[in-house]
There are 2 protein chains.
Amino acid sequence: MQTVKTSKGAETRRSILAMALQLFRERGYEKTTMRMVADAAGVTVSNVYYYFESKEHLVQAFYDSTHVEHLAVCEPMLENEAGLEKRLQIALRTKIETAEPYHGFAGLLFKTAADPKSPLNPFSDASEDVRNRSTDLMARIVDGSKARVPADLRRELPGLLWLYQMAVILFWIHDDSDGRRRTHRLIEKTAGLVTRLISISSAKLMAPLRKSALGLIEDLRQP
Amino acid sequence: MQTVKTSKGAETRRSILAMALQLFRERGYEKTTMRMVADAAGVTVSNVYYYFESKEHLVQAFYDSTHVEHLAVCEPMLENEAGLEKRLQIALRTKIETAEPYHGFAGLLFKTAADPKSPLNPFSDASEDVRNRSTDLMARIVDGSKARVPADLRRELPGLLWLYQMAVILFWIHDDSDGRRRTHRLIEKTAGLVTRLISISSAKLMAPLRKSALGLIEDLRQP
DNA sequence: GTCTATAACCGGATAGAC
DNA sequence: GTCTATCCGGTTATAGAC
């Protein structure tokens with residue numbers, strides 16, 4: 001019997017993570033010490049380090065788990081909606097709503113996010129996996145819609161929409177309005193703008209501009 | 001005789017900052033300890049803290065100083081150039097070129113930059129001053145050019161171009177190509193795109209989209 | 001009121017034994 | 001895979017000098 005995953009270790013790991021997230025939510029990231037996490041999970045500090053390279057890596061684990069949760073909430077809602085604008089709104093709204101309990105320390109994410117040396121930054125190789133899964137979701141958003149998108153743009157769109165989502169999240173992190181009113185406003189309006197931009201960009205008149213923009217992306221890809 | 005500013009204290013402060021920046025450049029931010037900074041400047045640790053609230057505040061001071069340096073290099077070069085695209089390129093190129101010696105630890109900037117709680121974040125009240133000065137530069141870039149810009153867009157353009165600049169800087173931070181080749185490519189191409197977007201947005205056909213976009217900005221301003 | 005010094009605190013991280 | 005003991009560096013308390 002192979003118990004590689006479900007053995008005691010995995011259980012300890014799970015409990016450490018669960019406790020850490022709870023403490024982060026309750027007291028915020030900075031005010032939660034590794035000693036507290038260890039105590040809450042009933043282990044020693046170095047044991048925590050055995051399972052997680054650093055305090056920030058606990059955040060990475062959280063990041064993964066919100067993505068899973070997001071998918072679970074988002075995907076079913078997409079099923080009965082074919083309009084691109086609405087589909088985008090659903091994706092973004094569910095994103096910030098599932099992340100809401102962690103709003104207080106989500107800034108931390110972007111903090112490390114911006115550090116090129118951190119493995120946690122969303123552009124890094126280490127984050128490739130989560131990034132790909134998010135980008136894939138964006139691809140499904142587009143492909144599942146009835147929007148007509150030029151082939152050249154369609155190739156790049158998922159990546160661009162992922163950037164768009166990152167921008168929305170950045171805004172959300174800085175948003176302290178009631179019920180994140182301002183972020184909801186942002187999503188409502190920009191989803192429409194983005195959709196219109198996509199449809200306009202198909203027009204003959206806009207082809208040169210679209211080609212330049214896509215050419216730029218292509219250029220930037222090579223080192 | 002009032003020697004509030006030029007007395008010994010100011011000199012100490014200057015020397016601490018100079019030493020800190022040198023160490024940051026040579027060894028990077030993380031590997032430079034406050035004790036080293038103090039030693040190098042010939043003062044004690046608590047003395048460093050007397051002049052700078054925290055290690056991050058040393059970075060803030062650096063940030064200010066790069067802005068001053070940028071202006072000194074950028075403004076003269078703008079004098080003989082009336083094309084908006086070229087003017088944008090000048091501003092952005094000089095920005096990343098004057099910052100080049102600090103590329104290694106510039107990530108740190110964005111790291112704190114993205115944390116909503118940090119006074120160093122470029123959207124914070126504490127950063128209003130530097131932000132305004134940067135935005136003013138963008139206003140001069142536009143106003144000093146021969147580009148025709150609709151009045152409603154002109155009002156928002158400096159802020160938007162500042163955001164554009166932040167995006168370029170973010171790209172630069174993650175750029176480890178030789179001579180920042182990729183960032184230079186990005187600047188070269190996007191300056192043209194932005195300029196074209198501005199000019200296209202004046203077209204009658206594009207007025208509705210432009211209005212929506214500007215309306216969005218207006219909406220987001222209110223809390 | 002401006003500045004400097006000593007010593008300690010606190011929390012993230014690690015070494016190494018078992 | 002878990003523990004004990006320790007390091008290391010940012011930060012602060014406190015006390016006093018100019």
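Letters A, B, ... mirror the listed sequences (proteins, then strands); counts begin at 1. Keep in mind the model is a prediction, meaning the values are calculated, not measured.
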Inspect the surroundings of CD in A:E156 and state if more than 12 heavy atoms from other residues, nucleotides or ligands are less than 6.0 Å away. yes
Please work out if B:T44 contacts a base, only the sugar-phosphate, or nothing of the nucleic acid, heavy-atom cut-off 4.0 Å. base
Assert: residue with more 5' nearest nucleotide on DNA chain D, out of A:N47 and A:R35, is A:N47
If you take all heavy atoms of B:T32 and B:K55, which pair is closest and at what distance? O-NZ, 2.7 Å
May I ask you to say what B:Y51 touches in the nucleic acid, namely base, sugar-phosphate or nothing, with a heavy-atom cut-off under 4.0 Å? sugar-phosphate
Counting just side-chain N and O atoms, does A:Y49 come under 4.0 Å of either OP1 or OP2 of C:dT14? no
So B:S46, base contact, sugar-phosphate only, or nothing? Heavy-atom distance under 4.0 Å. base
Reading DNA chain D from 5' to 3', where do the contacts with chain A start and stop? Cut-off is 4.0 Å to heavy atoms. D:dG1 to D:dT4
Can you measure B:K55 atom NZ to C:dG12 atom C1' for me and round it to whole angstrom units? 14 Å
Test item: A:R131 and A:T135 side chains (from C-beta on) under 4.5 Å apart, heavy atoms: yes
When the ring planes of B:Y102 and B:F62 are compared, do they come out parallel, tilted or perpendicular, using 30° and 60° as the limits? tilted
Look at the rings of A:Y29 and A:F24 and say which category their plane angle falls in: under 30° parallel, 30 to 60° tilted, over 60° perpendicular. tilted
Does any part of the side chain of B:R180, heavy atoms only, come nearer than 4.5 Å to the side chain of B:H103, both counted from C-beta? yes
